[in-house]
Amino acid sequence: MKVWQQPLPPVYQKLTDAELRVRIDLARQALGSRLVILGHHYQQDAVIDFADFTGDSFELSRKAAEQKDAEFIVFCGVHFMAESADILTPEHVRVILPDLGAGCSMADMANLDQTLDCWAQLQDACPDQRIVPITYMNSSAAIKAFVGEHGGAVCTSSNCRNVLEWALTPLSTQPSTNSTKTKILFFPDQHLGRNTARAMGYPLEKMVVWDPREEFGGNDPQKLKDADFVLWKGHCSVHQLFRPEHVDQVREKFPEMKVIVHPECRAEVVQKADQVGSTAYIVKQIEAAPPGSQWAVGTEVHLINRLARQHPEQKIVVLSNCQCLCTTMYRIDLPHLCWALENLLEGKVVNEIKVDANTRKWALVALDRMLAIKGTGNPIGKTQPVGTMID
Ligand code: 13P
Ligand code: SF4
């Protein structure tokens with residue numbers, strides 16, 4: 001059942017930022033070690049200022065899993081991240097999302113009924129094949145549970161290649177013989193799946209896109225059988241805004257500038273970029289770069305602006321002037337954070353994200369498999385820059 005965000009009590013809308021900051025600080029101090037605040041890199045600065053830990057999806061899921069002593073995790077991110085935190089923490093740790101409207105349009109592009117339907121059709125079309133479902137972290141707990149129950153794993157943009165390599169080895173969780181073809185069903189971001197598979201050397205002809213609204217996902221059954229990757233027809237509305245011509249424009253205007261993009265960008269953009277990697281990878285590359293470095297970055301604008309402020313010795317710009325803002329992440333703001341914390345102080349847990357026991361059991365299997373697989377942060381590979389790997 002979907003629960004909607006109730007309007008905040010009017011007092012929170014009337015407070016100035018300075019007043020909100022003071023009240024949030026007081027609430028944090030009073031809650032002490034009972035509270036841990038996690039903040040995704042795409043959050044606005046005002047919120048990041050209060051985070052005990054910041055990171056990308058992979059880092060934050062690890063941090064959440066470590067919080068055994070806290071009573072509350074306030075997750076400044078989006079719904080699927082808070083769900084994952086609930087799954088990864090012991091029962092007594094309660095996870096709170098300050099605004100229930102902070103969802104993810106990509107995660108909403110795959111639901112369980114569509115997944116069950118897809119699975120049944122794939123078994124029909126490919127009866128002699130071993131199909132391993134892999135879901136991007138950006139998916140509901142129900143999809144993660146499906147994946148866990150069917151021998152697959154979760155991945156993030158930090159470890160996608162490693163997870164796919166794990167899934168494609170015959171020693172994976174499902175029994176197979178050398179002659180059994182392994183096929184990956186990848187949810188819900190077709191771009192992360194395609195970019196990673198291409199970097200691993202798979203040609204585009206070996207990938208099909210699964211449109212959940214069409215029979216056989218809109219594919220010819222023989223093509224479906226021949227494919228190594230079935231990519232769910234989903235995308236990130238933020239990263240899909242970047243286009244190959246944006247890279248061309250940067251090359252023309254700033255020939256010295258390096259283009260670095262997130263693997264949720266479409267393949268044509270990734271192909272033209274100098275580097276591709278998860279949010280944490282992008283952060284690390286820029287932090288390690290010498291003064292005078294120039295970057296055009298293809299990811300969420302709040303992170304890019306923060307990196308530009310933190311590194312005035314470098315030139316850091318957004319890859320294009322499109323509105324690359326994650327509007328749902330942006331819903332987490334000082335009034336909602338203050339409201340959530342002050343309720344905790346009064347003994348009221350608002351906006352708790354709780355995954356039911358059966359879903360949790362299998363989703364945890366899929367998440368634990370992911371956490372056991374080391375990530376490189378660069379789904380394109382350990383040694384090669386992207387431009388040289390993709391034909
Ligand atoms: P990462 O945090 O894995 O880089 O993913 C980016 C994203 O879109 C989060 O929603
Ligand atoms: Fe979802 Fe994209 Fe926003 Fe991440 S950036 S939460 S994938 S819409």
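Start at 1 and go down the list; that is how both ligands and their atoms are numbered.
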Q: Counting only heavy atoms closer than 4.0 Å, does ligand 2 sit against the backbone of Glu300, its side chain, both, or neither?
A: neither
Q: Does any N or O of ligand 1 fall below 3.5 Å from an N or O anywhere on Ser157, backbone included?
A: yes
Q: Among protein heavy atoms, which lies nearest atom 4 (O) of ligand 1, and at what distance?
A: Thr279 OG1, 2.5 Å
Q: Taking heavy atoms and a distance under 4.0 Å, where does Phe58 meet ligand 1: side chain, backbone, both or neither?
A: neither
Q: Is there a donor-acceptor pair closer than 3.5 Å between any side-chain N or O of Arg28 and the backbone N or O of Phe50?
A: yes
Q: Could you point out which residue of Val355, Val78, Leu97 forms a side-chain contact (heavy atoms from CB on, under 4.5 Å) with Glu83?
A: Val355
Q: Would you mind checking which non-hydrogen protein atom is closest to atom 2 (Fe) of ligand 2, with the distance to 0.1 Å?
A: Cys236 SG, 2.4 Å
Q: Salt bridge check, Glu245 against Arg266: does any charged N sit closer than 4.0 Å to a carboxylate O?
A: no
Q: Between Lys272 and Asp248, is the closest basic N to carboxylate O distance under 4.0 Å?
A: yes
Q: Is the shortest side-chain heavy-atom distance between Arg369 and Trp166 below 4.5 Å?
A: yes
Q: Where does His41 meet ligand 1, judged by heavy-atom distances below 4.0 Å: at the side chain, the backbone, both, or neither?
A: neither
Q: Counting backbone and side-chain atoms alike, does Cys326 have an N/O/S atom under 2.8 Å from atom 1 (Fe) of ligand 2?
A: no
Q: Identify, by atom number and element, the atoms of ligand 1 in contact range of Phe80, meaning under 4.0 Å from any of its heavy atoms.
A: 10 (O)
Q: Looking only at side-chain N and O atoms, does Ser84 offer a donor or acceptor that is under 3.5 Å from a partner on Ser61?
A: no
